[in-house]
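Below you'll find the structure, written out as structure tokens, and then a few comments.
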Number of protein chains: 2
Amino acid sequence: MTMNMNDLRNMFRERQYKMTSQRQTILQAFIDNPAQHLSAEDIYGIVRKESSELGLATVYRTLELLSELEVLQKIDFGDGRHRYEINETSSLHHHHHLICVLCGKVKEFEDDLLETLENAVALKSNFKIIDHQLKFYGYCSECRDKVES
Amino acid sequence: MTMNMNDLRNMFRERQYKMTSQRQTILQAFIDNPAQHLSAEDIYGIVRKESSELGLATVYRTLELLSELEVLQKIDFGDGRHRYEINETSSLHHHHHLICVLCGKVKEFEDDLLETLENAVALKSNFKIIDHQLKFYGYCSECRDKVES
DNA sequence: CTTAGTGCAAAACCTTTGCAACTCT
DNA sequence: AGAGTTGCAAAGGTTTTGCACTAAG
């Protein structure tokens, strides 16, 4: 299932990375804020509000590290900054994003149906596919009401 | 089919935008370089090589404008800059991107199969979906050889 | 002639990096 | 002790903006 603090500690030990309080705090922020698509600045804000000391550069370095380790997944909604979420290793949790073009709200959508498509693409394209990302753009229910009225 | 210079002129007239030589040159650069995912800097380079005068700020402003008009589509491959391609209005030309995680090469993939999924998502989510974007990550044929050997 | 668009340089952002100080193991 | 990590400030890269000037309708 989802990464927890002990898993992280073990991953770090294996690779001789050090488990620092900053790294713990950052992972904890993701655990405390599920399904939030947090940016570096978001994390920085969350952690500082909880009165922990932390430099912004450290946030960037940690997000980079955790992405390489595939603890986090980097996503891009085109709003000029990178965003991250905990990488659900269980493929059952593969989900996609619905982005409202009016208010910018991002909703999640669970899905497995893409596996078939992925196989077809792999065959035709000669790519060995390891991951996919699917985004839908449209109007969320609230904004749709505004538009239609 | 794809946008041409006259279509653009008409769109501009309708909205009282002005058709300037810079805007023409920029659209022309997209027409001359199909399937290229050009960044602002790319366009700037292409145009200047052809000895036309043009400021980088104008490129950014024009790309923004053409995206709003849906003449261009903004895409993001996570390489730190926005990229654009001509928006194929014909849904037959809906295509997706295969991104190699090793060499960064981007290949295109044609597809219609997503319509079904889109409908399912619309129903379940209460979103009115107007567009989607699908990216596959993996190893291209060349890089796969390197990895497997 | 009027309004929109351009170019330049400066500013604004987000992200990365060099380096001395620090802290896990 | 020793290697990795942090924080700060500076640098880098992309994108945006203010303003005087220019060009399209």
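Nothing here was measured: the structure is a model prediction, and the numbers come from that model. Basis for what follows: all heavy atoms, side chains included, without hydrogens, waters or symmetry-related copies. Residue numbers start from 1 in every chain, and the chains themselves are labelled A, B, ... in the order their sequence lines are given, proteins ahead of strands.
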Applying side chain to side chain donor-acceptor pair (under 3.5 Å), can you list everything that pairs with A/D32, at least two apart in sequence or on another chain?
A/Q28

Would you say C/dT16 has OP1 or OP2 under 4.0 Å from some side-chain N or O of A/Y60?
no

Rounded to the nearest 0.5 Å, what's the gap from CD1 on A/I46 to OG1 on A/T25? Could you check?
12.0 Å

Taking ring pair (Phe, Tyr, Trp, His ring centres under 6.0 Å) as the test, write out the residues that go with B/H97, two or more places apart.
B/H37, B/F77, B/H95

From B/Y84 atom OH to B/E64 atom CD, the distance as rounded to the nearest 0.5 Å:
6.0 Å

Please tell me if the side chains of A/H96 and B/H132 come closer than 4.5 Å, counting only heavy atoms from C-beta onward.
no

Atom-to-atom span, CZ of B/F12 to C1' of C/dT6 - whole angstrom
14 Å

Within residues 40-49 of chain A or reaching into it, pairs that qualify as salt bridge (charged side-chain N to carboxylate O under 4.0 Å, His left out) - sequence neighbours excluded:
A/D42-A/R83, A/R48-A/E53

Spacing of A/Y84 atom OH relative to C/dC14 atom P, expressed in whole Å
13 Å

Rounded to whole angstroms, how far apart are CG on B/L56 and P on C/dC8?
10 Å

For chain A and DNA chain D, what are the first and last nucleotides along the strand, 5' to 3', with at least one atom under 4.0 angstrom from a heavy atom of the protein chain?
D/dG2 to D/dC8

Nearest whole Å is fine: how far is C/dT15 C1' from A/R81 CZ?
12 Å

Nearest atoms (heavy-atom pairs only) where A/F127 meets B/K107
CE1-CD, 3.7 Å

Quick one: CZ on A/R13 to CG on A/L8, what's the gap to the nearest 0.5 Å?
11.0 Å

Could you pull out all residues at least two apart from B/R61 that satisfy side chain to side chain donor-acceptor pair (under 3.5 Å)?
none

Both A/R23 and B/H82 contact DNA chain D. Which one's nearest nucleotide lies toward the 5' end?
A/R23

Please tabulate, one pair per line, each protein N/O and nucleotide N/O from nucleotides 19-25 of chain C that are separated by under 3.5 Å, including the distance.
residue: C/dC24; atom: O2; partner: A/K18; partner atom: NZ; Å: 3.1

Nearest-Å distance for atom pair CZ/P, residues B/R48 and C/dT6
14 Å

Along DNA chain D (nearest heavy atom to each residue), the more 5'-positioned of B/A57 and B/D79:
B/D79

Rounded to whole angstrom units, what separation is found between the CD atom of B/E53 and the C1' atom of C/dG5?
16 Å

